[in-house]
2 protein chains.
Amino acid sequence: MNLKQLETFLWVAELQSFTRAAKHLYMSQPAVSFQIKSLEESLGATLFYRGDKKVELTEAGRLLYPEARQILRHFQKIKAGLDELKGLKRGHLCLGASTIPGEYLLPLLIGRFHRHYPGVEVTLRIAGSGQVIRWVREREIDLGITGAPVKEEGLECLPWYQDRLVLIVGVGHPWVDREAVSPDELLAQPLILREPGSGTRRSLEEKLAQVGRSLEEAQVVMELGSTRAVITAVQAGLGVSLVSALAAAEPLALGRVYQVNLKNMDLTRYLYLIHAPEWPGSFAAGAFWDFIKQEEWAGKQNKSNKKAPPTERPAP
Amino acid sequence: MNLKQLETFLWVAELQSFTRAAKHLYMSQPAVSFQIKSLEESLGATLFYRGDKKVELTEAGRLLYPEARQILRHFQKIKAGLDELKGLKRGHLCLGASTIPGEYLLPLLIGRFHRHYPGVEVTLRIAGSGQVIRWVREREIDLGITGAPVKEEGLECLPWYQDRLVLIVGVGHPWVDREAVSPDELLAQPLILREPGSGTRRSLEEKLAQVGRSLEEAQVVMELGSTRAVITAVQAGLGVSLVSALAAAEPLALGRVYQVNLKNMDLTRYLYLIHAPEWPGSFAAGAFWDFIKQEEWAGKQNKSNKKAPPTERPAP
DNA sequence: GCGAGGTGATCACCTTTGGTGAAAATCAGG
DNA sequence: CCTGATTTTCACCAAAGGTGATCACCTCGC
């Protein structure tokens, strides 16, 4: 008993003729005879009474008919369901991001994506970079976005959004009027940082390393678990910090903190897409991938495009 | 998209392993790989993520899984339904009979059959012989039972029950004390008959013809559409009649009519099974056929078994 | 570090299935 | 009696589907 047999059976029953069913199914009439015969043999029952000029269902055939219809309908349902999935009329996209992209970039992007594909449900999990990477490795999310690149077997990591760190100081800080300060001056100031391992902190460590300096020399007064907390601390005049331009934008616009340039340091940093290449993921994930590629320049508010982003994180 | 493919898919999903599924399905592991691959190609979607040491469903696979289960369940349902039909746990038997067998024999027989196969629904239609034969020809019933044989292309007719006609008279009739009467005497009496074409009447015509006489010579006072009506008329002393022993049994037992023997005439007549040999009919019909064959001697209350019943009706 | 054992993929090879056109049997209608 | 339409049967061929051998890869335990 298989599909083609059932389909043939249905059409013969419907059209009350082997020949017409054969024409409808684009096959020869002996093939139809053969299929029906096989079906009858496999079921151990005669399905049609072959009368003159028309065929009729027997008792067994009448029993089979509605069941066969339902089965074929079911197959169509599967096809339709998959088409919907592929056509992104429905589906599920599961994203994971660390706080900076997760709080400032992805909500907007997900909103635009959702307008394109209203049927696709999107979940965004926000956690630390380490957790996000673990999720990607464990296939719990389709795509991860973090501030720290990964170099790990089986995971692909590509730079996506060009962000930069900005040095911010509180309103009463002596640097408020300064055009720019030097790394030496920075390291002499009380410094507020995110916790070790966070993307922002790792970017800062990397930037200092590029000018031959290190956080070892800095006056770290606090390590806080969220960028917003860091900014609040800076606002309160507890120290200075370097945070993502994305997170600093609003406090800067409101005059709650001031931005000071840093001499001789390139503070651009990248946010990275992390995914498992051999994992097929959801159809929506593929579409989202294409979507953010296409939206790349719109979403990337970077000022300078001159430097090619590093694919890998430089060795420490 | 195929049955075997779906079944293979289900087992791979269930056992989370191609190898284990292959063992379970009694086929080689490459065959399983091939089936899954074909299914994936035909659906245009990856169904499994082949990880290390275990395979996992993808989004598309998760969509397919419950549908595939339902489809397979449906196939099992078909199998089960047909088995029930074949095992006579259910089904429908459609019989047609003329009044004599329909009112006196088949109810008992159907009762016994129903005790054997309680799940089988039985319909008995009662009508004149002509209508019964038409029903068989049109495949509206599985089996017909009438008092008149048929010789018709495509219909088979076999004698089944040995009945006989009895001559009955009312209580005040002068023949009440007679041992036997002659055909001549019969033809001189007011005679009550069934309508032309009825099995009983045709039997009588045939019996008369065998002794060189005919109804033309008779004094027909009434033609009534039912044997019960004929008996009532005889009870009322409106005339004499020949009716089936089956119908006469009760009025005779109650002394409402008297039976008189008829000299030189063999009044045995047969009831016939009529069916369309090439029509497969229902499974229950086959079982009923076997049932009445087996019950033949129990059901046949005939006294003498010496004469072989005629297969065909003699030419007039 | 390295073989043992287990996984799925791939390959060459073969059997079975399913399809074809030609021809035969059957039947209704002119 | 022939014609046209129908299903069945047949010889034949292509495709689907199965198998064992083998490969590449991974984990586990020594």
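- DNA chain C is contacted by A:M27, A:S28, A:P30, A:A31, A:F34, A:Q35 of residues 21-36 of chain A, taking any non-hydrogen atom closer than 4.0 Å.
- Side chains of B:L39 and B:S42 form a contact here, defined as non-hydrogen atoms less than 4.5 Å apart.
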Would you mind writing out the side-chain donor-acceptor pairs for residues 81-94 of chain B within the sub-3.5 Å range, not counting sequence neighbours?
{"residue": "B:K86", "atom": "NZ", "partner": "A:L43", "partner atom": "O", "Å": "2.6"}
{"residue": "B:H92", "atom": "NE2", "partner": "B:T123", "partner atom": "OG1", "Å": "2.8"}

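- Regarding contacts with the backbone of C:dG8, a side-chain N or O of B:T19 is found under 4.0 angstrom from either OP1 or OP2.
- A heavy atom lying under 4.0 Å from DNA chain C marks the following residues of residues 3-12 of chain A, by number: A:K4.
- Residue pairs meeting the ring pair (Phe, Tyr, Trp, His ring centres under 6.0 Å) criterion with at least one member in residues 20-40 of chain B, sequence neighbours excluded: B:W11-B:H24.
- Shown for residues 57-65 of chain B: no residue has heavy atoms falling under 4.0 angstrom of DNA chain C.
- Here the P atom of nucleotide C:dG6 and the CD atom of B:Q16 are 18 Å apart, to the nearest Å.
- Using a 4.0 Å cut-off between a side-chain N of Lys or Arg and a carboxylate O of Asp or Glu, A:E206 and A:R202 do not qualify as a salt bridge.
- Nucleic acid contact class of B:S17 (heavy atoms, under 4.0 Å, all strands): sugar-phosphate only.
- Put simply, A:N2 has no side-chain N or O that comes within less than 4.0 Å of OP1 or OP2 on C:dT17.
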Check the interface with nucleotides 25-30 of chain C: list each N/O to N/O pair with the protein under 3.5 Å, or write none.
{"residue": "C:dA28", "atom": "OP1", "partner": "A:D52", "partner atom": "OD2", "Å": "3.2"}

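- Contact between A:L106 and A:I145 at its shortest, heavy atoms only, is CD1-CD1, 3.5 Å.
- Among residue pairs with one or both ends in residues 55-70 of chain B, those qualifying as salt bridge (charged side-chain N to carboxylate O under 4.0 Å, His left out) are A:K77-B:E67, B:E14-B:R69; sequence neighbours excluded.
- In this structure, the side-chain contact (heavy atoms from CB on, under 4.5 Å) partners of A:I126, at least two apart in sequence or on a different chain, are A:T99, A:E103, A:L124.
- Listed for the A:R20 side chain is a donor-acceptor partner under 3.5 Å among the backbone atoms of A:L15.
- Side-chain N/O atoms of B:R50 include one lying less than 4.0 angstrom from OP1 or OP2 on C:dA9.
- As rounded to whole Å, 11 Å separates atom P of D:dG17 from atom CG of B:L39.
- Every residue two or more places apart in sequence or in another chain was checked for a side-chain hydrogen bond (donor to acceptor under 3.5 Å, both in side chains) with A:S198, and none qualifies.
- Checked against side-chain contact (heavy atoms from CB on, under 4.5 Å), A:T8 has the following partners two or more places apart in sequence or in another chain: A:K4, A:V12, A:L25, A:M27, A:V32, A:Q35, A:I36.
- Pairs engaging residues 125-139 of chain A under the salt bridge (charged side-chain N to carboxylate O under 4.0 Å, His left out) rule: A:R125-A:E140, A:R137-A:E152, A:R139-A:E278 [sequence neighbours left out].
- In this structure, B:F9 has its ring center closer than 6.0 angstrom to the ring center of B:F48.
- Each end of the helix from C:dG1-D:dC30 to C:dG30-D:dC1 gets its own rotation axis from five pairs of C1' atoms, and the angle between them is 20° to the nearest 10 degrees.
- Between B:Y49 and A:W279, the ring-plane angle classifies as perpendicular under the 30° and 60° cut-offs.
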